[in-house]
Amino acid sequence: KRLIRFLKATADAQLTLYPTGRLRIEAVADSDWAGIADRRSVTGGALLISGCCVLSWSRTQSAYALSSCEAELYAMGSAAVEVLWLAAFLKEQRLAKEVPVLYGDSSSALQLAQREGQGRLKHVEVRLLALQQWHREGRLRMVKLASADNVADLMTKHVSRLTWETLAPRIGLVFTK
């Protein structure tokens with residue numbers, strides 16, 4: 001029922017890639033901590049090339065996050081893998097040279113991803129420490145994004161019509177009528 005309403009509402013929409021001279025490779029990540037019935041978190045994200053969404057996803061996290069910071073960290077790890085693959089592919093094709101940018105709206109998850117070591121967070125999966133390594137190596141730039149500007153909310157949460165209309169153009173979705 002919800003899907004049919006969505007399809008009707010977006011029948012006049014098209015994705016548009018805006019040429020900017022050079023390709024910007026970006027990923028946006030978000031999570032909805034313990035947002036579904038079995039208390040698991042939902043991870044969502046989007047890959048953008050020069051502001052146009054080329055891939056989006058939303059899935060239930062396989063591990064139980066003990067905090068919203070941990071849930072956001074899982075989301076950022078998932079988005080980082082995707083954006084680094086896309087950046088490597090485009091560099092191999094000689095289409096992009098820029099360091100990809102990963103946006104997240106959780107200050108605590110960004111601080112954890114940019115520091116060195118786990119500290120008291122020994123329960124966090126070791127594979128997520130790769131975020132710290134990629135940041136140190138300069139392969140990935142991580143930037144704080146205001147929650148109201150996070151387009152990954154479109155994949156992880158129920159959003160109001162106003163929020164939808166505000167965020168949709170930021171992923172290159174243009175309404176023709």
Side-chain angles (χ1 to χ4, degrees), residues 10 12-32 41-59 61-62 69 71-117 124-157 159 163-176:
T10 58
D12 298 325
Q14 62 186 16
L15 281 174
T16 305
L17 181 62
Y18 300 103
T20 59
R22 60 179 192 214
L23 294 180
R24 290 186 336 269
I25 306 164
E26 304 165 313
V28 184
D30 195 25
S31 72
D32 186 13
S41 302
V42 176
T43 293
L47 281 182
L48 303 136
I49 296 178
S50 298
C52 180
C53 182
V54 294
L55 174 68
S56 65
W57 65 90
S58 178
R59 54 184 162 257
Q61 291 180 352
S62 58
C69 172
E72 293 281 348
L73 198 57
Y74 284 125
M76 289 173 59
S78 176
V81 169
E82 300 289 347
V83 77
L84 287 171
W85 178 88
L86 180 62
F89 175 76
L90 292 174
K91 284 179 185 175
E92 188 175 288
Q93 303 302 316
R94 296 189 173 125
L95 295 172
K97 297 176 184 174
E98 304 291 320
V99 172
V101 179
L102 172 61
Y103 293 99
D105 62 2
S106 170
S107 297
S108 56
L110 281 165
Q111 288 174 359
L112 179 61
Q114 293 174 349
R115 75 178 195 189
E116 195 166 324
V124 174
E125 291 185 23
V126 176
R127 67 182 173 90
L128 295 175
L129 296 178
L131 280 170
Q132 294 175 347
Q133 180 179 345
W134 294 329
H135 174 70
R136 275 194 310 274
E137 292 172 352
R139 293 177 54 198
L140 182 67
R141 196 163 56 96
M142 291 179 267
V143 177
K144 171 81 166 95
L145 180 68
S147 293
D149 296 330
N150 195 341
V151 296
D153 281 350
L154 297 173
M155 277 62 83
T156 58
K157 299 172 179 79
V159 296
T163 302
W164 167 254
E165 290 171 352
T166 302
L167 294 178
R170 295 183 187 169
I171 59 171
L173 196 60
V174 177
F175 292 91
T176 56

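Numbering starts at 1 and runs along the sequence shown.
Leu47 has its side chain within reach of Trp57: a pair of non-hydrogen atoms, C-beta onward, lies under 4.5 Å apart. Within the 4.5 Å cutoff, no side-chain heavy atoms of Ile49 are placed close to those of Arg24. With a 4.5 Å cut-off on side-chain heavy atoms, Leu102 and Met142 count as touching.
The CG atom of Leu48 sits 12.5 Å away from the CG atom of Leu23 when rounded to the nearest 0.5 Å. One finds the CG atom of Leu110 at 9.5 Å from the CG atom of Leu73 (value rounded to the nearest 0.5 Å). Distance CD1/Ile25 to CG/Leu90: 4.5 Å, rounded to 0.5 Å. Atom CG in Leu86 sits 10.5 Å away from atom NZ in Lys91 (nearest 0.5 Å). The structure places CG of Leu112 at 8.5 Å from CE of Met76, a figure rounded to the nearest 0.5 Å. Here the CG-CZ distance, from Leu131 to Arg136, works out to 10.5 Å after rounding to the nearest 0.5 Å.
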**Request:** Show your working on side chain to side chain contact (heavy atoms under 4.5 Å, CB included) between Trp134 and Val99 and close with a plain yes or no.
**Result:** CA-CA 11 Å; Trp134 294 329; Val99 172; over 6 Å; no
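Remark: side-chain polar atoms of Lys144 are not paired, donor with acceptor, to backbone N or O of Tyr103 under 3.5 angstrom.
Of all heavy-atom pairs spanning Val83 and Ala27, the tightest one is CB-CB, 3.6 Å.
Residues meeting the salt bridge (Lys or Arg N to Asp or Glu O under 4.0 Å) test with Arg141, sequence neighbours left out: none. Judged as a side-chain contact (heavy atoms from CB on, under 4.5 Å), and not counting sequence neighbours, the contacts of Ala75 are Ala29, Ser31, Thr43.
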